[in-house]
Amino acid sequence: MIALEYFLAFGAILFVIGAYGVMAKPNTLIVLMCTELMLNAANINFVAFSAFMGDVYGQVMVIMTISIAAAEVAVGIAILLNAYKVRKTTSADDLTSMRW
């Protein structure tokens with residue numbers, strides 16, 4: 001069995017990559033993808049601790065997190081498509097106001 005520390009290190013690396021993408025990239029589609037990467041890093045930690053402790057509560061949290069992430073992406077992409085239709089850009093710097 002793989003040690004818990006490897007899973008935690010992998011989750012931390014994924015979270016840092018996602019956080020860097022959210023802070024550094026101007027494209028909102030990449031920001032949405034990096035947000036998903038951060039949520040999946042948290043899911044890896046939930047599953048790792050669930051397996052380490054021998055209970056299913058972490059896996060239940062993962063299922064809830066995945067369902068919330070799917071709703072977040074659906075709403076985010078809908079807003080992004082509407083913003084692209086109106087403003088012809090997906091840059092986060094240009095989309096600072098919700099007024100059209």
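Keep in mind that the numbers below use all heavy atoms, side chains included, and drop hydrogens, waters and symmetry copies.
Residues meeting the side chain to side chain contact (heavy atoms under 4.5 Å, CB included) test with Leu81, sequence neighbours left out: Ile77. Scored by the side chain to side chain contact (heavy atoms under 4.5 Å, CB included) test, Ala74 finds no partners at all (sequence neighbours excluded). Contacts of Glu36 classified as side chain to side chain contact (heavy atoms under 4.5 Å, CB included), with partners at least two apart in sequence or in another chain: Leu39, Ala69, Glu72, Val73. Every residue two or more places apart in sequence or in another chain that forms a side chain to side chain contact (heavy atoms under 4.5 Å, CB included) with Leu37 is listed here: Leu14, Ile17.
Within the structure, no pair that satisfies the side chain to side chain donor-acceptor pair (under 3.5 Å) test touches residues 46-70, not counting sequence neighbours. Listed by first and then second residue, the side chain to side chain donor-acceptor pair (under 3.5 Å) pairs that reach into residues 17-30 are Asn27-Thr90, sequence neighbours excluded.
Ile44 is not connected to Leu4 by any chain of hydrophobic side-chain contacts under 4.5 Å among Ile, Leu, Val, Met, Phe, Trp and Tyr, and they are in different clusters. Side-chain heavy atoms closer than 4.5 Å link hydrophobic residues (I, L, V, M, F, W, Y) into clusters, and following such links, even through other members, never connects Ile79 to Val31. Each of Phe46 and Met53 belongs to its own hydrophobic cluster when Ile, Leu, Val, Met, Phe, Trp and Tyr are linked at side-chain heavy-atom distances under 4.5 angstrom.
A side-chain contact (heavy atoms from CB on, under 4.5 Å) with Met38 holds for exactly one of Asn43, Val16, Val22; it is Val22.
Of all the heavy atoms in Cys34 and Gly18, the pair that sits closest is CB-O, 3.3 Å.
Rounded to the nearest 0.5 angstrom, Met61 CE and Phe49 CZ are separated by 13.5 Å. Atom CD1 of Ile2 and atom CZ of Phe10 lie 10.5 Å apart (nearest 0.5 Å).
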